[in-house]
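Please read the structure below before turning to the comments.
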Number of protein chains: 2
Amino acid sequence: MSDYSIRSVPQQSRSQERVDSILGTAADLFTEVGYEAATTNAIAERAGISIGTLYRYFADKDAILRALAARYHREEQALFDQVFTDDVGYLPLPVLLDRLIDPFLDLYCGCPVYAHILLGTDVSADIAAASQEIEQEVIERLADIMQKVAPQIDARQARLTAVICKSAVKSLISLRSSSNDEDFRVQITSEIKQMLLAYLEKVLDETESQERHRTPRGKARTGRRR
Amino acid sequence: MSDYSIRSVPQQSRSQERVDSILGTAADLFTEVGYEAATTNAIAERAGISIGTLYRYFADKDAILRALAARYHREEQALFDQVFTDDVGYLPLPVLLDRLIDPFLDLYCGCPVYAHILLGTDVSADIAAASQEIEQEVIERLADIMQKVAPQIDARQARLTAVICKSAVKSLISLRSSSNDEDFRVQITSEIKQMLLAYLEKVLDETESQERHRTPRGKARTGRRR
DNA sequence: CTCCGAATTGAGTAATCGCTCATATTTTCC
DNA sequence: GGAAAATATGAGCGATTACTCAATTCGGAG
């Protein structure tokens with residue numbers, strides 16, 4: 001340790017550990033008692049550090065939640081990148097739904113605080129705004145997928161359908177975190193998927209028949225754009 | 001029942017007016033800035049009374065929200081009583097959906113704080129528990145209606161379907177209160193109804209065919225475990 | 001008008017929370 | 001070893017909040 005080889009790697013890696021530890025503890029406390037009720041002193045104590053140290057790494061309490069929201073955003077984007085492959089438009093609907101839903105369920109299951117952020121339960125205005133931005137992004141991603149699945153669909157309907165799908169999954173997350181009964185979770189998951197399947201089949205059916213019967217008036221019936 | 005922790009029994013008609021005034025102001029403030037951020041002093045000031053007077057009528061801050069939740073519960077029950085008529089089982093599904101959904105949308109639109117209570121956004125544990133109780137009641141009411149619409153359905157599936165319907169309407173409330181764009185609200189309302197319609201048609205279709213084929217067990221589409 | 005209880009008032013209290021900073025400890029590097 | 005820099009500590013500060021209570025006003029009966 002007396003070599004002057006690397007500048008401050010030990011410091012950095014230790015710092016990162018500290019940050020992660022704080023984030024993990026905070027996430028646990030937030031989900032247990034809510035954001036407001038989770039005091040910074042309690043977070044520090046449970047993380048095994050002093051309150052002063054906590055404030056060396058985070059400017060204020062909100063910054064902790066912001067960091068968690070950022071991590072959530074990152075992981076969610078990674079999931080989407082994984083899902084959004086070339087063949088996404090050619091998958092049977094039930095398979096597509098599983099592909100779209102299951103990884104996200106795992107995400108929220110593995111880190112329940114993400115559900116809090118998503119559902120906007122008991123968060124500051126800043127976080128709520130950030131969360132809404134993330135959701136907007138999700139809607140656009142889903143709309144893109146809709147366009148791949150049904151190229152004949154118009155952009156407006158694709159967005160609308162995306163909003164509905166996102167909402168349904170949000171409901172599913174909410175329902176799943178409202179109960180500890182694993183059986184109920186399985187049933188409700190299957191049921192929401194059934195609902196989405198029925199809805200999507202109906203939407204696709206209607207846009208397809210619109211296409212077949214020739215566009216009723218003029219042009220620009222089929223969405224393009226993008 | 002009937003203990004909202006109101007301190008003073010209305011000896012004068014003036015008292016009831018006061019209580020209503022406090023409740024109305026509190027409801028406004030709660031929806032504007034949230035429950036935590038709405039201080040009792042601010043409620044009193046806006047209601048044009050002193051903080052002392054407020055505490056003559058309500059034991060503590062939570063009692064105000066509890067009174068609002070009780071009012072919400074009462075109005076919701078009244079709506080259900082109105083909807084749950086004898087012919088409810090014979091209505092075409094789209095009509096039934098309108099009958100079930102539209103009055104509730106009006107309720108939440110007329111008093112947005114009800115949406116806060118329903119969605120559990122930023123409320124105390126007590127209120128969240130009370131809200132969950134109300135929701136449980138809603139599920140049972142909906143399950144009853146499901147049994148009337150489709151007598152061949154089994155109780156378990158009826159409850160499951162009720163949970164889904166309640167969730168979907170909850171989503172709709174959430175979506176509608178997330179935007180001020182009236183056009184969006186109309187579209188999203190129609191779309192959620194479409195989704196529910198597709199889902200209910202599917203559920204009824206499956207239970208009917210189950211009935212016809214006399215297969216109480218076995219080739220059910222919804223995977224049965226246990 | 002006088003008197004008295006009920007209603008109202010709002011400055012003040014106790015408790016809590018986010019956050020600071022002077023001090024103490026550890027690490028780095030010669 | 002030892003100076004200096006980096007990091008950690010936690011008592012305590014200031015601000016905020018729900019809530020109290022002694023003082024004051026109101027209203028109506030005699």
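Lettering follows sequence order; numbering is per chain, from 1.
You'll find that the side chain of B/Ser50 is closest to C/dG10, out of D/dA8, C/dG10, D/dT20. Side-chain proximity of A/Tyr55 to C/dC19, D/dC19, C/dT9: nearest is C/dC19.
Across all non-hydrogen atoms, the minimal contact from B/Ser167 to A/Ser171 is O-OG, 3.7 Å.
For the pair A/Glu45 CD and D/dT9 C1', the computed distance is 14 Å after rounding to whole Å. C/dC17 atom P lies 15 Å from atom CD1 of A/Ile64, rounded to whole Å. Whole-Å rounding puts the B/Ile51 CD1 to D/dT20 P distance at 10 Å. The NZ atom of A/Lys61 sits 18 Å away from the C1' atom of C/dT20 (whole-angstrom rounding).
At a non-hydrogen distance threshold of 4.0 Å, nothing from residues 21-39 of chain B comes into contact with DNA chain C.
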For residues 139-147 of chain B, which side-chain N or O atoms pair as donor and acceptor with protein atoms under 3.5 Å away, sequence neighbours left out?
{"unit_1": "B/Arg141", "atom_1": "NH1", "unit_2": "B/Asp81", "atom_2": "OD1", "d": "3.0"}
{"unit_1": "B/Arg141", "atom_1": "NH2", "unit_2": "B/Asp81", "atom_2": "OD1", "d": "3.4"}

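Across the interface with DNA chain D, nearest-nucleotide mapping of A/Asn41 and A/Leu54 shows A/Leu54 to be the residue nearer the 5′ end.
In this structure, B/Glu191 has no salt bridge (charged side-chain N to carboxylate O under 4.0 Å, His left out) partners at least two apart in sequence or on a different chain.
Put simply, B/Arg18 has no side-chain N or O that comes within less than 4.0 Å of OP1 or OP2 on C/dA7. An OP1 or OP2 oxygen of C/dT9 is reached within less than 4.0 angstrom by no side-chain nitrogen or oxygen of B/Arg56.
Atom CD of A/Glu133 has 12 or fewer heavy atoms from other residues, nucleotides or ligands within 6.0 Å.
Side-chain atoms of A/Thr85 and A/Asp87 include a donor-acceptor pair closer than 3.5 Å.
Just one of B/Glu135, B/Glu137, B/Glu76 meets the salt bridge (Lys or Arg N to Asp or Glu O under 4.0 Å) condition when paired with B/Lys166; it is B/Glu135.
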